[in-house]
Amino acid sequence: MATKLGQVAKLVCAAVLAGLLVGGILLPAVGPVGLAAKNASEQARAQPLDEPPLPQLSTILAADGSKIASFFYENRTDVTIDKIAPVMQKALVSIEDARFYQHGALDLKGTIRAMVRDQSQGAQKQGGSSLTQQYVKNVLFETAGTRVAQAQDRLSKAHTKAAKRQAQTALDAAQAVQDSTIAPNLNRKLQELRYALWVEEHYSKNDILDKYLNIAYFGHFAYGVEAASLRYFGVHASKLTTAQAATLAGMVNNANKYDPIKYPGTVLQRRNTVLDQMVKLGQLSQSEANTTKAKPLGLKPQILPGGCDSSTYAYFCLYVQNEILTNPVFGSTPETRRGLLNTGGLTIQTSLSPKAQDAAQRAVDSKSSSRSSRITMEAMVQPGTGKIEGIAVSRKFGLDKHEASFDYAVDIAHGGGGGVAAGSTFKVFTLAAALENGHRLDETINSPSSTSVSGYTDCAGNRLNWPHVSNAGESESGAYNLQTGTWDSVNTYYALLERDVGLCKVATMAAKFGMTRTDGSPLHQVPSMTLGSNEIDIVHQAAAYAGFAASGKYCKPIAINAIADSTGKQLTVPSAGCKQVIRADTANEVSKILKGVLTRGTAKGNSLSDGRPAAGKTGTNEGLTSVMFAGYTTDLAAVLWYGNPDAPFGDPVNAYGASLAPAWARSLVEALNGIPQSDFPDPGNVFGYAAAPPAKPGKKGGKKPGPKNGGIKGGPKNGGIKVPPGH
């Protein structure tokens with residue numbers, strides 16, 4: 001008896017609720033009506049719906065348009081109605097709101113029938129709501145969810161008690177609003193109805209259907225029909241078949257219950273129900289429905305895109321990600337920048353060349369196993385533009401053993417670590433400073449195998465000394481000039497040249513080419529700077545060498561060519577800021593000298609196999625603990641490094657920089673395949689002529705080092721890093 005009375009009470013409540021809803025639409029705001037009907041009428045007046053942009057998936061593309069990675073808070077890509085298969089539109093309307101094109105904001109018949117049924121069955125089925133009402137509910141829920149996520153982000157980053165209290169209060173308030181969007185009560189229904197009336201007044205039925213299909217949740221982090229089509233079937237929404245469309249249409253009622261991956265049998269039955277409904281409404285023939293029912297679900301689940309860890313080019317992706325997250329051009333706060341990346345629906349066109357990237361990866365893999373404690377890495381930068389074409393590391397990106405969670409090849413601002421030693425590849429800045437400040441090719445300096453040098457002056461006017469510097473072999477001594485001293489990479493020659501040019505001028509030259517320490521701070525101005533005593537990253541080193549390849553026009557390294565938001569609007573991206581930093585003839589003379597390193601110097605015999613003109617410089621750290629080769633053609637600069645950055649002085653590689661030249665040369669040949677060859681401009685006789693002295697025995701990059709061949713140890717006076725031996 002009690003049960004029957006309860007059911008009667010529920011039916012009465014349902015009737016009252018239906019009456020209020022009907023009154024809210026049909027009755028005027030004033031007149032001879034009851035107070036309840038009057039209030040309902042006033043509350044049901046159309047009210048503008050705030051429709052903030054839905055979180056959109058952002059996509060990172062390579063220079064050729066291929067996808068590198070995706071970032072999202074919700075995996076969604078909005079599409080217009082003409083990009084959604086007509087059968088998908090018909091299937092959705094058939095199963096969710098068959099009278100969608102006949103009624104307004106509220107389907108009175110369906111609402112009353114659903115309320116009476118739900119109350120009599122003692123459960124909330126959420127039936128009877130029009131697609132317009134469902135769209136409104138989704139908008140309100142999405143808006144509240146975004147606020148909850150923002151509040152959670154604030155709470156996770158709060159450090160003080162006061163900040164945590166404020167963040168928690170904001171989170172509680174946001175969650176209360178979110179909870180109210182799903183609470184089954186009259187006030188919420190009336191509020192949704194007011195919004196639905198406004199939506200019906202301002203949008204066409206097709207617009208409303210499009211909006212609904214883009215906001216609906218289809219499970220497995222797929223928001224909107226485009227993401228769902230790709231997630232479950234690997235096709236765009238415009239290509240959906242009848243069977244696929246019916247499957248997706250059946251899921252929106254309850255994405256968890258109708259999960260095709262977990263419950264394929266249940267979803268198959270639901271799909272067939274949708275097909276039957278389409279036949280009933282004349283949207284599908286019975287024969288086509290029967291044929292479709294005989295087919296399996298035909299799922300082709302796709303791996304969910306997201307973040308750099310799932311990218312083929314993880315390290316380059318990480319560089320792009322950190323550029324967006326740290327550069328103020330993308331927003332004034334970290335939260336704003338992260339929100340832009342994760343929800344802005346950006347299309348990020350990058351400078352990555354898959355051909356160059358793959359060539360660099362083959363080069364590093366040829367030198368190091370992915371499970372080795374030592375790593376090899378290479379960075380490639382285009383001269384004249386600063387575009388980074390590739391960043392390759394032999395160690396896989398990840399958190400497991402023998403993997404890396406940051407990018408050894410880049411600076412700290414872009415997700416890098418503590419940097420690496422450049423060795424004698426840094427001598428290029430001393431060479432350029434000497435040429436730019438009047439030193440001629442025919443000048444010689446008597447360079448002993450080891451010496452002490454005094455009289456250095458940094459930019460602050462401090463006087464510095466170099467107590468002991470030695471060459472990579474005790475037999476290496478004699479008179480050297482700018483050419484031969486560079487070809488043979490003579491440490492004592494460069495120590496004396498740096499003193500004569502001026503330590504400050506050498507530091508200034510390096511800074512002109514964008515060189516800083518890996519944390520972004522200025523280089524330590526110490527005598528051993530010319531031998532690579534500052535910790536640097538190889539991306540900026542490659543960009544600096546690219547500046548010499550471009551006749552002295554330096555461009556900051558950039559990875560982003562263009563960014564468009566979800567509406568197609570182009571956003572501002574970081575500029576390479578290309579500018580002429582030294583005279584063209586100076587840079588071209590540097591290139592002419594460095595060409596000799598490959599033909600008669602420490603890297604002799606490693607010219608490019610395709611005959612393309614190239615220039616380069618070897619570098620080795622003290623104790624043979626790491627090596628570097630830096631070089632370029634007119635079209636591409638590349639820096640290759642090998643060692644153990646986690647134990648920079650405790651894991652000797654027992655090799656010289658020249659050992660990297662073959663892999664470096666192969667990577668450039670592969671990366672530049674198909675690009676016309678060109679030579680560096682001739683500097684002319686601006687700097688005079690120099691007669692090369694006959695080669696001395698034991699002068700190549702493979703000779704044995706002498707004792708303490710790197711010079712002084714690291715400390716406050718030399719940048720905190722051991723001095724490389726020069727080759």
Side-chain angles (χ1 to χ4, degrees), residues 422-432 434-435 439 441-445 447 449 470-473 475-498 530-532 541 545 548-549 587-609 611-621 624 627-633 637-640 655-665 668 679-680 683 687 689-705 709 724-727:
S424 287
T425 64
F426 225 74
K427 289 175 179 173
V428 68
F429 303 113
T430 304
L431 171 62
L435 292 168
H439 288 257
L441 298 177
D442 54 5
E443 295 177 9
T444 61
I445 298 176
S447 309
S449 59
S470 60
N471 297 326
S475 61
E476 193 172 72
S477 63
Y480 292 89
N481 57 36
L482 289 173
Q483 287 181 332
T484 57
T486 302
W487 294 343
D488 290 334
S489 197
V490 182
N491 291 347
T492 56
Y493 171 80
Y494 263 90
L496 294 164
L497 179 65
E498 181 187 45
T530 195
L531 301 188
Q541 181 81 328
Y545 269 66
F548 292 107
N588 294 333
E589 188 65 53
V590 169
S591 297
K592 185 176 181 180
I593 293 174
L594 294 189
K595 285 174 69 176
V597 173
L598 293 168
T599 59
R600 58 191 305 168
T602 53
K604 181 179 179 180
N606 286 290
S607 297
L608 303 194
S609 61
R612 189 185 301 268
K617 184 69 188 73
T618 54
T620 311
N621 191 26
L624 309 184
V627 290
M628 179 182 287
F629 191 89
Y632 52 89
T633 70
V639 173
L640 193 63
Y656 284 95
S659 65
L660 295 180
W664 168 87
L668 261 66
D679 201 352
F680 307 105
F687 303 97
Y689 292 98
K696 297 181 175 67
K699 297 287 286 297
K700 296 180 182 179
K703 59 184 175 297
K704 296 180 180 179
N709 59 308
H727 289 282

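Values below: all heavy atoms of this structure, side chains included; hydrogens, waters and symmetry mates excluded. None of these values were measured; they are calculated from a predicted model.
Note that CG of L598 is 12.5 Å distant from NZ of K604, once rounded to the nearest 0.5 Å. In this structure, CZ on R612 lies 6.0 Å from OG1 on T633, to the nearest 0.5 angstrom. Atoms CG and CG, from N588 and L435 in turn, are 11.0 Å apart once rounded to the nearest 0.5 Å. Taken from CE in M628 to OG1 in T618, the straight-line distance is 11.5 Å, to the nearest 0.5 Å. To the nearest 0.5 angstrom, K617 atom NZ is 10.0 Å from L431 atom CG. To the nearest 0.5 Å, atom CG of residue N481 and atom CG of residue L441 are 7.0 Å apart.
Side-chain atoms of T484 and T444, non-hydrogen and from C-beta on, never get closer than 4.5 Å to each other. In this structure the side chain of F629 never reaches within 4.5 angstrom of the side chain of N606, judged on heavy atoms. For the pair L482/F687, no side-chain contact is recorded, criterion being any heavy-atom separation below 4.5 Å from C-beta on.
Minimum interatomic distance between T492 and S449 (heavy atoms only, all atoms of both residues): CG2-O, 3.8 Å. For P662 against A658, the heavy-atom pair with the smallest separation is CD-O, 3.5 Å. Minimum interatomic distance between A655 and V627 (heavy atoms only, all atoms of both residues): O-CG1, 3.2 Å.
Using a distance-only test at 3.5 Å, with no hydrogens or angles considered, no donor-acceptor pair links the side chain of D488 to the main chain of V490. A donor-acceptor pair is defined here as one N or O able to donate and one able to accept, closer than 3.5 Å; such a pair exists between the side chain of T620 and the backbone of G657. Remark: side-chain polar atoms of W487 are paired, donor with acceptor, to backbone N or O of I593 under 3.5 angstrom.
Between Y632 and F680, the ring center distance clears the sub-6.0 Å criterion.
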Please report the C-alpha distance between V639 and T425 in whole Å, then the side-chain angles of each, then the deciding distance to 0.1 Å, and finally whether the side chain to side chain contact (heavy atoms under 4.5 Å, CB included) criterion is met.
CA-CA 10 Å; V639 173; T425 64; over 6 Å; no

Kindly determine whether N491 and K427 satisfy side chain to side chain contact (heavy atoms under 4.5 Å, CB included), including the steps that lead there.
CA-CA 9 Å; N491 291 347; K427 289 175 179 173; 2.9 Å; yes

Go through S424 and L531 one step at a time and tell me if the side chain to side chain contact (heavy atoms under 4.5 Å, CB included) criterion holds.
CA-CA 5 Å; S424 287; L531 301 188; 4.1 Å; yes

Checking side-chain hydrogen bond (donor to acceptor under 3.5 Å, both in side chains) for the pair K595/S607: CA distance, chi angles, key distance, verdict?
CA-CA 9 Å; K595 285 174 69 176; S607 297; over 6 Å; no

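Using cut-offs of 30° and 60° on the angle between ring planes, the pair F429 and F548 is tilted.
A donor and an acceptor atom, one from each side chain of Y494 and T486, are located under 3.5 Å apart.
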